[in-house]
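Index from 1, following the sequence.
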Amino acid sequence: MDNFPIGLASVFFSDEKIQTATKKYAGFAFGVHFSEPNDLNVFKALIQKLNQLFHVDVVFLSCDEQILERRFSVTRRPHPLLQESSSLKESIKLEKKRLTPLKNLARDIIDTSHLSPLMLSQLIAARFRSFNLETPMLLLLSSFGFKHQVFIPGDCVFDVRFLKNPYFEKKLSHLTGLDHHVQEFVRSDSRYQNYLNQIIGYLDITIPYYQDEKRSYLRVAIGCTGGVHRSVTLVEDLSHHYRHSQKQKNILLQSHHESLTTLNT
């Protein structure tokens with residue numbers, strides 16, 4: 001659980017359902033950051049309390065200041081202490097000073113300066129052997145309409161607006177890509193099957209690469225003009241393919257139709 005509020009942790013572990021769950025799961029991991037001056041004191045008290053019930057490890061991630069500056073420049077995220085300092089460099093120095101007491105509490109201190117995200121995950125997984133390296137990756141297939149979306153919701157985005165459009169057929173325009181009449185119409189386009197096969201071929205190559213990087217999910221977005229007919233049909237066919245595919249292993253499948261959800265709402 002990332003960015004978990006320190007003040008809620010005590011409430012979290014006092015819940016009877018959570019105490020029961022600790023017997024089922026190997027452990028819990030919390031990513032925390034201190035934003036308030038009193039957070040460190042609350043954290044110290046929490047660690048003392050939890051040590052009476054559980055085995056607790058504090059892992060502190062550090063990094064060279066110049067590399068941190070470069071990382072913030074690349075991600076374009078504002079530093080959380082930027083409002084309290086004059087520059088990014090000063091923000092990093094202030095954060096380092098504030099977190100020194102936390103560093104002193106840590107059992108493990110990991111310098112991430114020259115670690116890729118994959119290397120860091122492997123390092124932590126090796127440290128905590130109970131971590132499951134074979135967690136299935138979520139393959140999220142979603143349809144959307146370009147005329148509705150400002151932000152395209154996908155890691156891989158495919159545009160099917162070139163296919164003939166059921167919207168202009170009077171008997172089909174009021175239906176959606178979930179209806180077999182619309183699906184038959186879209187599939188009757190001579191370009192459809194070849195394009196579907198090309199997407200499947202691309203994903204069959206790409207999915208193992210994402211799995212090698214220990215990515216937890218891959219979002220594949222299919223778009224047409226309104227997100228109601230063509231893109232929905234293609235997502236349904238992709239979903240059917242991967243539900244029955246013997247080639248791709250260790251994936252969880254989920255499909256979502258953005259525009260149809262909006263219509264239903």
Taking every non-hydrogen atom, the tightest pair across Ile67 and Ser113 | CD1-O, 3.5 Å
Residues two or more places apart in sequence or in another chain: which of them pass salt bridge (charged side-chain N to carboxylate O under 4.0 Å, His left out) with Lys147?
-> none
Tell me, do Leu175 and Pro166 make a side-chain contact under 4.5 Å, heavy atoms counted?
-> no
Could you grab the distance from atom OG of Ser245 to atom CD1 of Ile200, nearest 0.5 Å is fine?
-> 8.5 Å
Under the salt bridge (charged side-chain N to carboxylate O under 4.0 Å, His left out) rule, collect the residues that match up with Glu65, sequence neighbours excluded.
-> Lys93, Lys96
Measuring from Leu140:CG to Cys156:SG, what's the distance to the nearest 0.5 Å?
-> 11.5 Å
For Tyr209, the other hydrophobic cluster members (4.5 Å side-chain criterion, sorted by chain and number) are Ile205
How long is the gap from CG on Leu178 to CD on Gln183, to the nearest 0.5 Å?
-> 7.0 Å
Taking the side chain as every heavy atom from C-beta outward, state whether Leu139 and Val220 have any atom pair closer than 4.5 Å.
-> yes
Counting only heavy atoms not in Glu169, do more than 12 sit closer than 6.0 Å to its CD atom?
-> yes
Can you spot which of Pro78, Ser86, Ser85 makes a side chain to side chain contact (heavy atoms under 4.5 Å, CB included) with Ser91?
-> Ser85
Do Asp189 and Phe162 have side-chain heavy atoms sitting under 4.5 Å apart?
-> no
Could you note down all residue pairs passing ring pair (Phe, Tyr, Trp, His ring centres under 6.0 Å) where residues 96-124 supplies at least one of them, sequence neighbours left out?
-> none
Does atom CZ of Phe30 have more than 12 heavy-atom neighbours, drawn from other residues, nucleotides or ligands, at distances under 6.0 Å?
-> yes
Sorted by chain and number, sequence neighbours left out, salt bridge (charged side-chain N to carboxylate O under 4.0 Å, His left out) with Lys44 holds for none
Of all heavy-atom pairs linking Ser239 and Ser255, the shortest is OG-CB, 3.4 Å
Under the side chain to side chain contact (heavy atoms under 4.5 Å, CB included) test, which residues partner Leu61, sequence neighbours left out?
-> Val59, Ile110, Thr112, Leu120
Does some side-chain heavy atom of Val58 sit less than 4.5 Å from a side-chain heavy atom of Arg107?
-> no
Side chain to side chain donor-acceptor pair (under 3.5 Å) with Lys164: which residues, sequence neighbours excluded?
-> Ser188
The single option from Asn250, Ile251, Leu253 passing side chain to side chain contact (heavy atoms under 4.5 Å, CB included) against Pro136 | Asn250
Hydrophobic cluster membership, Phe158 vs Leu196, 4.5 Å side-chain cutoff | yes
Give the C-alpha distance, both sets of side-chain angles, the deciding distance and a yes or no for side chain to side chain contact (heavy atoms under 4.5 Å, CB included) between Ile222 and Leu238.
-> CA-CA 10 Å; Ile222 312 294; Leu238 281 175; 4.1 Å; yes
Could you give all pairs that pass the ring pair (Phe, Tyr, Trp, His ring centres under 6.0 Å) test and reach residues 66-112, with sequence neighbours left out?
-> Phe72-His79
Are Phe60 and Leu68 connected in a single hydrophobic cluster, I mean Ile/Leu/Val/Met/Phe/Trp/Tyr linked by side-chain heavy atoms less than 4.5 Å apart?
-> no
Reported CZ-to-CG distance for the pair Phe43 and Leu50, which is rounded to 0.5 angstrom | 9.0 Å
Thr233 vs Phe185 side-chain heavy atoms within contact, under 4.5 Å | no
Side chain to side chain contact (heavy atoms under 4.5 Å, CB included) between Cys224 and Leu163: does it pass, once the steps are laid out?
-> CA-CA 9 Å; Cys224 60; Leu163 296 173; over 6 Å; no
Give the C-alpha distance, both sets of side-chain angles, the deciding distance and a yes or no for side chain to side chain contact (heavy atoms under 4.5 Å, CB included) between Tyr192 and Leu234.
-> CA-CA 9 Å; Tyr192 179 83; Leu234 203 141; 4.0 Å; yes
What is the distance from atom OG of Ser231 to atom CG of Asp159, rounded to the nearest 0.5 Å?
-> 10.0 Å
Taking the side chain as C-beta and beyond, is there a heavy-atom pair between His257 and Thr176 under 4.5 Å?
-> no
Among residues two or more places apart or on two chains, list those pairs meeting salt bridge (charged side-chain N to carboxylate O under 4.0 Å, His left out) that have a residue in residues 234-246.
-> Arg187-Asp237
Should Val235 and Leu138 be counted in the same cluster of Ile, Leu, Val, Met, Phe, Trp and Tyr side chains packed under 4.5 Å apart?
-> no
ring-ring contact (aromatic ring centres under 6.0 Å, His included) involving Tyr167 - partner list, sequence neighbours excluded = none
Is Glu95 close to Leu99 at the side-chain level, that is, under 4.5 Å between some pair of heavy atoms?
-> yes
Verify the distance criterion only: is there a donor paired with an acceptor across the side chains of Arg230 and Ser143 at less than 3.5 Å?
-> no
Spatial distance of atom CD (Glu69) from atom CD1 (Ile92) [nearest 0.5 Å] = 5.0 Å
Contact list for residues 218-256, test ring pair (Phe, Tyr, Trp, His ring centres under 6.0 Å), sequence neighbours left out = His240-His244
Transitively linked via ILVMFWY side-chain contacts under 4.5 Å: Leu141 with Tyr217?
-> no
Check salt bridge (charged side-chain N to carboxylate O under 4.0 Å, His left out) between Asp108 and all other residues, then give those that pass, not counting sequence neighbours.
-> Arg127
